[in-house]
Structures are given as C-alpha cells and as structure tokens.
> 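Before I ask anything, here is the structure I am working with.
Scope of the values below: all heavy atoms of this structure, side chains included, with no hydrogens, waters or symmetry mates.
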Amino acid sequence: MQLRYNYRAYPSASQCRALARAFGCARVVWNDCLRDRREAHAAGLPYVKSADLSRLRITQAKRTEERAWLTEVSAVVLQQSLRDLDTAYKNFFDSVSGKRTGRRVGPPRYKSKKDTRHSIRLNTNAFSLRDDGTVYVAKVGSLKVKWSRPLPAAPTSLTVTKDCSGRYFLSFVVDTEPETLPRTQTEAGIDLGLSTFAVLSDGRKIDSPRFLRRAEKKLRRLQRELSRKVKGSRNRAKARIKVARQHARVADRRRDFHHKASTQIIRDNQAVYVEDLAVAGLGRTRLAKSVHDAGWSAFVGMLEYKAARHGRTFAKVGRAFPSSQICSACGYRDGPKPLHIRQWTCGGCGTVHDRDHNAARNVLLEGRRIVAAGRAETQNACGAPVRRAHVPAQRGEAGSPRKGPGGPGRTPWTSGREARQDQPTRLSLFPRRTPHGLRQEEQHGPQGANRGDAARRAVP
C-alpha cells in the first residue's frame, strides 16, 4: 500500500525564488493545456491528446520568446503538471459516466498566480535524498528538512507545497507492506458527536477539544486588524499571513488529535465500526461550524486507511440505521426522541440507556451483521484479509503508531456512566423531515444538547 509522509522544509531566499519560478511554470503549462482542450471542445474538435500538448506547450514553447523562461525549471515539473491535468480530466469523465463513486467531480479549472497554495510534483528523476539530511530538487538545490521521523522505504514521488501561511512542505509517497498488529478479542462501535467527540461501545468517551472555538477570540482580533488594512499594501499582506498561520495552527492541532485518537482505537480493537455520516448535509445547517470543527470525515478516513494498513476490520453502518431508537439490550424500537433527552428507558425491557452509549452499542451490533453478511472485507483462518485491495496514498499525512498502550500521545479516555432518569418519550412512527434532512424536533432542539446522533438523521 501507499502512504504519504509530510515534512517541513526550510528553503533559503534563493531557493524560495527558484521554487516560485517552478510554481509559476507549472501553472502556465496547466493553463495553456487546459485552454487548448477547452477551445477544441468548443469548436467541436476531438479531445487533444497529451502527446500533442507536450510537444506543443512544452517542447516547442521553450523555443519561443514568450515561453523561453520555461527552460529555467526542470522538465519533470512541466510534464507532471500535464499529467495532473490528465488525472483531473479522467476523474471528471469517470464521475460523469458513473465509474467514480462519491461526490460529483467538476471539470478542471484555471489556476491563478494569486492563489494562496502552490505545489509541484516530482518523480525520482528530479529529486534525491542526500546523506547530510537534505533533499536535492532539480534546479532548486538542496533543501533543509526537519525529519520528524524516518521514511520506512525509498520514496517514489515528491510533492513540494507552499501553503497559505508561507510554509513549505515536502510530501513523500512511499510503497510499504502492511504492518499487521497482533490480534485482539475486542471490537468497537463508535458514535460520533459534537459535545463529546466519540463514544465507544464499551462506554469510553473522547472529549471534543473544539480547537476552532478555543481560537475564535484571537481569530476575531486578527480578522479585525486585517479588515482595517489598505488593500494591496504590504501591511495587509502581513496581516493576512497572521490570520492564515492561526488557522494553520488550528488545523494542525485537529489533525494531530485525529491521528492520536484513531491510532489508539485501531491498536486496541480488532474490528471498528462507524456510521456513514452525511457531513456535507450537516455542513449546511446551523451546526456547520461545530461539524467542521469536529472533522468527522478526516477522522473516519484515518480509521479506514489505518485499519487496512494494520490488518483490522473496518465497516461503515448506513446513515439510515436508527441506532438511537433501538434498545441494545432487547432490540425493541422505541421511536425517535428529541435531542435534549440524553437518557431514556426502554419500553420493552425497562433498561435505562445513555443515548450515545446505546447508539454505539447498536452500531457495533449492526457492523458485526454487515461483516457477517459479506458486505465488508473479512479475515481468513490465518488472520489475513481474504482480498487485499490496492490502497492509494491518502491526501493527508500518515500517522505514526505509538509504542505501548500507555505511550506518549495516548488520548485520555473518560469512562462513560449510565445515569438513571425516568422521562417520558415522544413516539412518532412517521417523523417529519426538514429540508436539511433533520427531523423537526431535532432541528429545533436546545442549543446545549449533545447532537452526536444528528448526523444519523441526515440524508444525502
């Protein structure tokens, strides 16, 4: 399988100028090739092949006065920019034809030099790892890198990125063999929420750190300072970088939290089951800021690729599964409940349930049923997956597992408690739904209630 490892780079002033030239040349080749294909499509001509574009927009363009500066950068950068455009078109065509699942992919768009994020991609012909700890990039030089951890194998490609805050990163794609962890006898169902980030089927809870909410005060002050600067001035550019750096800190903290929590869950459990949340739908409701601050999609994606890497079973439960309505003890369906009801008593057996803990236990039972039915990858008698599919490198950085159950970086767990509280419940066999996909009583629930199971009510 392929993994991606990111490292911080510290180029010198001359290397920053060389990288800026490389970013600009890659952008120009992308825009020129995209313009030719759009014009051919508008004129009713056949699809322009990559070989013709490479000859016209790279090889012959270097001999003209208008594009003579393309020779100042490595030819690999220009060729990879064209290949990225081919990949973008392929994703668009596969999405239109139905070969690509998921959200609809749009056609490629032009790039601007005013974009706050720039990147170039290189293969092994244009970079190399030096013995002194630097990374040599063709026509840029040896870049100083902060090696936070060693690479597990020789990299196959390199992506140099400059983010909106002015930081440079080197992203290596590495082909590695799966590292199967020792088998365990425990399985976990996970119920994701907002006030409590995740509740496991064994009663453990992961508190929500709310990184964006905690940084809002400083962000408001930086945004006010930015709005008072004159547009186009250097002071405004400096203020914009300050805002971008603060947002980058929030994203880095959230990503680190996701890696630590997902690694701990995968290491402790042989099988992990989560719900297929409608995050895009919830992102258009009044809970949008809290939903994006939690980062459910990134967390579930980390669980998925880490389970494939370490030989664990991973499955998603459908979003239509009523995990908060079914009693996990007897299976009695008690109907929908408003969000402010956090404990409820089963009408069939009289068991008092914590809402989130009961939902996590139902997710565990449903996940086991899905795996037993053959809808998810199971393991053979030797403990290996029956069919090992190709796992491409994820867009984010791969996480590093901590050694030992109590090693550094372990996410603190808090034990869940079942409180006893007798409250009447509202039964509704045919609940009304709002345009956002939430039931009517859930959309208008109290502000302070835990809306962890609101994602299960959303529809695509």
Side-chain angles (χ1 to χ4, degrees), residues 2 4 6-7 9 11 15-41 46-95 100 105-128 135-141 143 155-164 166-174 392-396:
Q2 290 182 331
R4 187 179 299 275
N6 295 342
Y7 300 92
Q15 292 173 347
C16 289
R17 291 191 293 268
L19 288 175
R21 286 194 297 267
F23 295 148
C25 292
R27 182 187 69 251
V28 168
V29 171
W30 170 286
N31 291 340
D32 290 345
C33 297
L34 177 59
R35 185 181 303 106
D36 290 346
R37 286 181 173 173
R38 285 192 174 186
E39 291 176 354
H41 176 71
Y47 182 79
V48 184
K49 297 182 179 180
S50 301
D52 299 335
L53 291 176
S54 177
R55 182 180 62 257
L56 178 63
R57 292 302 180 184
I58 298 179
T59 304
Q60 296 181 4
K62 291 180 179 179
R63 303 169 184 171
T64 62
E65 296 182 359
E66 294 81 4
R67 295 289 190 266
W69 34 264
L70 290 177
T71 58
E72 299 178 1
V73 301
S74 174
V76 177
V77 174
L78 309 181
Q79 293 292 342
Q80 293 297 332
S81 180
L82 178 56
R83 292 186 181 182
D84 292 342
L85 180 63
D86 295 338
T87 303
Y89 265 108
K90 183 180 182 301
N91 294 336
F92 169 64
F93 293 146
D94 292 345
S95 179
R100 180 186 176 94
V105 178
R109 296 180 294 182
Y110 291 110
K111 295 183 179 181
S112 173
K113 64 180 180 180
K114 296 182 180 179
D115 294 341
T116 56
R117 186 181 183 276
H118 307 276
S119 65
I120 56 174
R121 194 160 58 90
L122 309 168
N123 56 21
T124 53
N125 296 328
F127 77 93
S128 62
V135 177
Y136 174 78
V137 178
K139 293 192 176 183
V140 175
L143 300 176
T156 58
S157 68
L158 168 65
T159 302
V160 184
T161 306
K162 180 184 178 183
D163 63 2
C164 58
R167 302 180 300 177
Y168 291 86
F169 292 93
L170 303 183
S171 179
F172 298 92
V173 175
V174 180
Q394 70 284 359
R395 291 178 295 177

> Which heavy atom in D163 sits nearest to a heavy atom in R167, and how many Å separate them?
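Closest approach of D163 to R167: OD1-N, 2.7 Å.
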> Output the distance between atom CZ (R27) and atom OG (S81), rounded to the nearest 0.5 Å.
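R27 CZ to S81 OG: 10.0 Å, rounded to 0.5 Å.
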> Could you tell me whether R83 and D86 make a salt bridge, using a distance below 4.0 angstrom between a side-chain N and a carboxylate O?
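No, this pair does not count.
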> Between the side chain of R37 and the main-chain N/O of V48, is any donor-acceptor distance below 3.5 Å?
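Pair found, side chain donor or acceptor close to backbone of V48.
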> Can you list, pair by pair, the side-chain donor-acceptor contacts under 3.5 Å of residues 69-80, counting residues two or more places apart and other chains?
from	atom 1	to	atom 2	distance (Å)
W69	NE1	E66	O	2.9
T71	OG1	A68	O	2.8
S74	OG	V76	N	3.3
Q79	OE1	S54	OG	3.4
Q79	NE2	S54	OG	3.0
Q80	OE1	R121	NH1	3.2
Q80	OE1	R121	NH2	3.0

> If I take atom CZ from residue F23 and atom SG from residue C16, how far apart are they, to the nearest 0.5 angstrom?
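The distance works out to 9.0 Å.
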> Rounded to the nearest 0.5 Å, what separates atom CG in N31 from atom NZ in K113?
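Going from CG on N31 over to NZ on K113, the span is 11.5 Å.
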> Going through the distances and angles, do Y110 and R35 end up as a side chain to side chain contact (heavy atoms under 4.5 Å, CB included)?
CA-CA 8 Å; Y110 291 110; R35 185 181 303 106; 3.6 Å; yes
> To the nearest 0.5 Å, what is the distance between CZ on R57 and CH2 on W30?
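Taking CZ in R57 and CH2 in W30, the distance rounds to 15.5 Å.
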> For the side chain of T116 and the backbone of C164, is there at least one donor-acceptor N/O pair under 3.5 Å apart?
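Such a contact is absent between T116 side chain and C164 backbone.
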> Please report the closest heavy-atom contact between T124 and P155, naming both atoms and the distance.
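Taking every non-hydrogen atom into account, CG2-O, 3.7 Å.
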> Hey, mind stepping through F127 and L170 against side chain to side chain contact (heavy atoms under 4.5 Å, CB included) and telling me if it holds?
CA-CA 11 Å; F127 77 93; L170 303 183; over 6 Å; no
> Can you measure from CD (E39) to CG (D36) and round to the nearest 0.5 angstrom?
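It comes to 6.0 Å.
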> A side-chain contact here means heavy atoms from C-beta on lying under 4.5 Å apart; do L19 and K162 qualify?
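Side-chain contact under 4.5 Å: no.
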> May I ask you to decide if F92's main-chain N or O and S95's side chain share a donor-acceptor pair within less than 3.5 Å?
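The answer is no, because no donor-acceptor pair under 3.5 Å joins these two groups.
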> Quick one, V137 with L158, criterion side chain to side chain contact (heavy atoms under 4.5 Å, CB included). Give me CA distance, side-chain angles, the key distance, then yes/no.
CA-CA 9 Å; V137 178; L158 168 65; 4.2 Å; yes
> Supply the atom-to-atom distance L53 CG to C33 SG, rounded to the nearest 0.5 angstrom.
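It is 4.5 Å, given to the nearest 0.5 Å.
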> What do the steps show when you test R4 against T159 for side chain to side chain contact (heavy atoms under 4.5 Å, CB included), and what is the final call?
CA-CA 10 Å; R4 187 179 299 275; T159 302; 4.1 Å; yes
> Would you please classify the geometry between the F93 ring and the Y47 ring as parallel, tilted or perpendicular, with 30° and 60° separating the classes?
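Perpendicular, since the angle between the ring planes exceeds 60°.
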> Salt bridge or not for R67 and D32, using N-O below 4.0 Å?
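Yes, charged N to carboxylate O under 4.0 Å.
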